[in-house]
Amino acid sequence: MTTIKPSATPQQRSSSEDGATAAMHTGTSDPRTLILGNLRQSGIYVALVVIVALFAVLTDGVSLSPGNITNIVLQYSYILVLAIGMVIVIIGGHIDLSVGSVVALTGAVSAVLVIRQGQPWWIGVLAALAVGIAVGAWHGFWVAYAGIPAFIVTLAGMLLFRGLTLRVLDNISLSPFPAEYQRVAAGFLNGLIGGQGYDAFTLLIGAVAVAGYAVSVFRTRLARVRYQQPVESFPLFVARVVLVGAVIMYFAWQLAHARGLPIVLIILAVLVLVYGLVTRRTVFGRRVYAIGGNLSAATLSGVKVRTVNFWMFVNMGFLAAVAGVIYSSRSNGAQPAAGNMFELDAIAAAFIGGAAVTGGVGTVVGAMVGGLIMAVMSNGMQLMGVDQSTQSVVKGLVLLVAVAFDVYNKRRAGSAR
């Protein structure tokens, strides 16, 4: 028996059309009101634009050349992967100081299996991921079920897993990896659908990304209008979409004129999309925010705090292993000192990207922007020949300003009540 699905009633169609019409005619046109209304998030986007423009001028455009943009993607992708996991941990009210050591350990395990024992490259990848998940479960047990603060647990893990890395490698470096393993972080998709002097496939992916962004933000705007939340005027909304689309296509154009689409960028994009959905659209994501925002209220609401905390650290271990595979592939080997200070870069990316020190606030996209700010600054200073000590001073000051900005926002919000 065939079931005929009833069509939408005239009232339903009218409501949908009214919502779309309202989304195109509702909102404020005052940019100052829009920026000040969400200063925490809008500030980092403005900062990124300013920093990119500054280094473009200081390096005579070298920082925006196709080859350099490709190098930024390849050199800092593993930090961005770590930042995804770190921002989730920070939103939940914790911290993880061990991720640099876990990057080193997972890369070491993969190198021993693939280089020393001659196993297929994918065996090394799977073993690294398994080790990362086990490390995350170890941390999660002590934090969630033993009740030890994450700062202490992961500080111990930083020392423990660095020592295990030295044991696994016998305190020596191992290289090189086979070509298939190296392609994880150094491979490109180029020439799949042709192109004269450029890679058409990269431009196609860029266009798909722009279309996806436009649909996503329009649906978000429609939902905000439906619930009578403030939005910008439709012309400003269109201008924002066009501006972001132009940036994405410029980025894709530069990659297309270099070596094509980096495989590691595809991995990073998938992770950003998946974890963006996890944090915003799933029960687990909402519970992470609830725990970080108000632990007592989350407990009284029936949230299984121990379970959520456990899986937060399992996820962090998994992403640290992904970063370990990318880093070992990029460096074409495993070294005892690999991953040194990576945890600080990931933490800095999360805080610069808008995460709150006390938890409960932050986004995956914000962490990516924070990571890009750090990457552009580091890359730009390297192109200018700035010495390492000065680079560390600048990074430290940027992190301090970001946290001070967070504190200022909270005080301003508190005084306004």
Side-chain angles (χ1 to χ4, degrees), residues 13-57 64 69 87 203 205-254 269 272-273 275-277 279-281 289 349 352-356 361-373 376 401-402 405-406 408-410 412-413 416-417:
R13 288 195 297 269
S14 176
S15 175
S16 176
E17 292 169 359
D18 289 344
T21 302
M24 291 187 288
H25 296 285
T26 305
T28 176
S29 298
D30 183 8
R32 183 173 181 274
T33 301
L34 296 169
I35 292 175
L36 293 179
N38 194 10
L39 194 58
R40 178 195 298 271
Q41 290 299 327
S42 60
I44 59 172
Y45 298 118
V46 173
L48 177 60
V49 172
V50 170
I51 290 171
V52 169
L54 175 64
F55 281 109
V57 172
L64 292 180
I69 289 179
V87 75
L203 295 179
I205 295 299
V208 171
V210 172
Y213 171 77
V215 171
S216 175
V217 295
F218 184 77
R219 291 181 62 183
T220 300
R221 176 185 174 85
L222 200 62
R224 291 177 66 89
V225 170
R226 186 180 299 120
Y227 289 99
Q228 299 181 349
Q229 295 178 350
V231 295
E232 74 269 48
S233 65
F234 193 70
L236 281 178
F237 169 78
V238 173
R240 175 163 66 94
V241 172
V242 170
L243 179 61
V244 173
V247 171
I248 293 175
M249 289 309 300
Y250 176 81
F251 180 70
W253 179 260
Q254 296 295 77
V272 170
L273 289 174
Y275 281 96
L277 290 174
T279 53
R280 291 185 292 110
R281 302 292 177 87
Y289 280 98
I352 292 172
V361 176
T363 63
V364 170
V365 174
M368 294 299 97
V369 175
L372 286 174
I373 288 175
V376 171
V401 169
F405 185 67
D406 173 59
Y408 165 76
N409 272 339
K410 287 184 176 179
R412 184 171 61 88
R417 290 173 182 171

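Here, residue 1 is the first one in the sequence, and each next residue gets the next number.
- When the salt bridge (Lys or Arg N to Asp or Glu O under 4.0 Å) test is applied to Arg280, no partner is found at least two apart in sequence or on another chain.
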Going through the distances and angles, do Val361 and Tyr289 end up as a side chain to side chain contact (heavy atoms under 4.5 Å, CB included)? CA-CA 7 Å; Val361 176; Tyr289 280 98; 5.9 Å; no
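- Gly206 approaches Ala252 most closely through the heavy-atom pair CA-CB, 4.1 Å.
- Using a 4.5 Å heavy-atom threshold, the side chains of Val217 and Val241 count as touching.
- The backbone N or O of Ser216 lies less than 3.5 Å from a partner atom in the side chain of Thr220, making a donor-acceptor pair.
- At least one donor-acceptor pair under 3.5 Å links the side chain of Gln254 to the backbone N or O of Leu64.
- Taking the six-membered ring for Trp and thresholds of 30 and 60 degrees, Phe218 and Phe237 have ring planes inclined between 30 and 60 degrees apart.
- Side-chain contact between Val87 and Thr363: absent, with no pair of heavy atoms (C-beta onward) separated by less than 4.5 Å.
- Residue Arg240 qualifies as enclosed at atom CZ: its count of foreign heavy atoms under 6.0 Å is above 12.
- Closest heavy-atom contact between Ile248 and Ala209: CG2-CB, 4.3 Å.
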Decide yes or no on side chain to side chain contact (heavy atoms under 4.5 Å, CB included) for Phe251 and Val247, but give the supporting numbers first. CA-CA 6 Å; Phe251 180 70; Val247 171; 5.5 Å; no
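- Taking all atoms of both residues into account, the shortest heavy-atom contact from Ile373 to Ala47 is CD1-CB, 4.2 Å.
- The backbone N or O of Gly366 sits nowhere less than 3.5 Å from a side-chain atom of Tyr45 that would complete a donor-acceptor pair.
- Once rounded to the nearest 0.5 Å, the distance linking CD1 of Ile69 with CH2 of Trp253 reads 13.0 Å.
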